[in-house]
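Naming convention: chains lettered A, B, ... in sequence-line order (proteins, then strands); numbering from 1 in each chain.
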Amino acid sequence: EAGVAQSPRYKIIEKRQSVAFWCNPISGHATLYWYQQILGQGPKLLIQFQNNGVVDDSQLPKDRFSAERLKGVDSTLKIQPAKLEDSAVYLCASSYQSGFGELFFGEGSRLTVL
Amino acid sequence: AQSVTQLGSHVSVSEGALVLLRCNYSSSVPPYLFWYVQYPNQGLQLLLKYTTGATLVKGINGFEAEFKKSETSFHLTKPSAHMSDAAEYFCAVSEGAGSYQLTFGKGTKLSVIP
């Protein structure tokens with residue numbers, strides 16, 4: 001079974017530039033999450049999708065971050081314009097709809113903002 | 001709101017020694033509890049989980065954890081550390097069945113000394 005795929009693995013940009021991350025969840029997983037992991041901290045939930053609808057985006061900085069999940073499968077997370085404090089690893093995870101919080105994580109996309 | 005506290009951001013043990021990583025949680029409802037492991041430049045992988053039933057749960061790679069409601073704890077243990085156990089470990093909580101969101105602790109980095 002293929003795991004959660006993310007790209008790019010690494011991205012370096014200057015502040016005020018834009019960046020996009022892509023995630024392809026495990027086939028059949030209805031729920032998709034984007035987490036932000038800043039160095040030295042645990043992952044923090046940015047947004048949760050159930051199929052192609054947003055369940056929770058309360059911690060997503062909507063003035064600069066946006067996310068979509070097309071047709072309930074792939075998802076894209078965009079940051080525009082980026083700030084220095086956005087430097088982090090962006091983790092995508094997916095789960096079965098009936099899963100007891102068991103998430104399957106991708107390897108992450110490491111963003112460095114200069 | 002739920003929260004997780006992991007005591008000790010860094011723990012060092014000798015190879016063959018007992019591993020003990022501490023986790024305390026707060027939750028307004030009976031929680032589901034998880035331990036995830038993260039190897040360098042990789043995503044998070046589930047080690048074990050507690051949902052209901054037996055309070056001592058066994059996971060992969062010889063790890064186990066015990067849910068103690070009276071102490072609001074879910075400490076992770078392994079009788080004998082191996083070099084391959086060196087990684088970062090995250091405790092996480094979700095608010096029971098029907099909640100697919102995890103709140104993570106800040107993580108504990110485990111070093112194993114030969």
- Message: Only heavy atoms, only distances under 4.5 angstrom. Which residues in residues 7-16 of chain A are near chain B?
- Response: A/Arg9, A/Tyr10
- Item | Heavy-atom pair of closest approach, residues A/Gln37 and B/Phe90 | NE2-CZ, 3.2 Å
- Let me know if A/Gln6 has heavy atoms under 4.5 Å from chain B in its side chain, its backbone, both or neither. neither
- Message: Taking A/Trp34 as the starting point, is it possible to reach A/Ile26 by hopping between hydrophobic residues whose side chains are less than 4.5 Å apart?
- Response: no
- Going only through I, L, V, M, F, W and Y residues with side-chain contacts under 4.5 Å, is there a path from B/Val57 to B/Tyr32? no
- Message: Counting neighbours of CG on A/Leu114 that are heavy atoms of other residues, nucleotides or ligands and sit closer than 6.0 Å, is the number greater than 12?
- Response: yes
- Are B/Leu76 and B/Phe104 in one and the same hydrophobic cluster, where Ile, Leu, Val, Met, Phe, Trp and Tyr link if side-chain heavy atoms are under 4.5 Å apart? no
- Verdict with supporting geometry, B/Leu102 and A/Tyr35, side chain to side chain contact (heavy atoms under 4.5 Å, CB included): CA-CA 10 Å; B/Leu102 293 182; A/Tyr35 280 85; 3.8 Å; yes
- Message: Are B/Val19 and B/Trp35 connected into the same hydrophobic cluster when the rule is that any two of I, L, V, M, F, W, Y join if their side-chain heavy atoms are below 4.5 Å apart?
- Response: yes
- Query: So what's closer than 4.5 Å to chain A heavy atoms on B/Leu44: side chain, backbone, both or neither?
  - Reply: both
- Note on the structure: Under 4.5 Å to a heavy atom of chain A? For B/Gln38 that would be side chain
- Task: Quick one: which of B/Lys109, B/Gln45, B/Lys106 has the most heavy-atom pairs under 4.5 Å with chain A, could you say?
- Result: B/Lys106
- Message: Let's go through A/Leu103 and B/Phe34 carefully: what are the C-alpha distance in whole Å and the side-chain angles of both, what is the deciding distance for side chain to side chain contact (heavy atoms under 4.5 Å, CB included) to 0.1 Å, and is it a yes or a no?
- Response: CA-CA 10 Å; A/Leu103 275 58; B/Phe34 306 81; over 6 Å; no
- Note on the structure: Those residues of residues 57-92 of chain A that come under 4.5 Å of chain B on a heavy-atom basis, listed by number, are A/Leu91
- Item | Cluster link B/Tyr25 to B/Leu47, ILVMFWY, side chain under 4.5 Å | yes
- Quick one: pull up CZ in A/Phe105 and CG in B/Leu46 and give me the separation to the nearest 0.5 Å. 9.5 Å
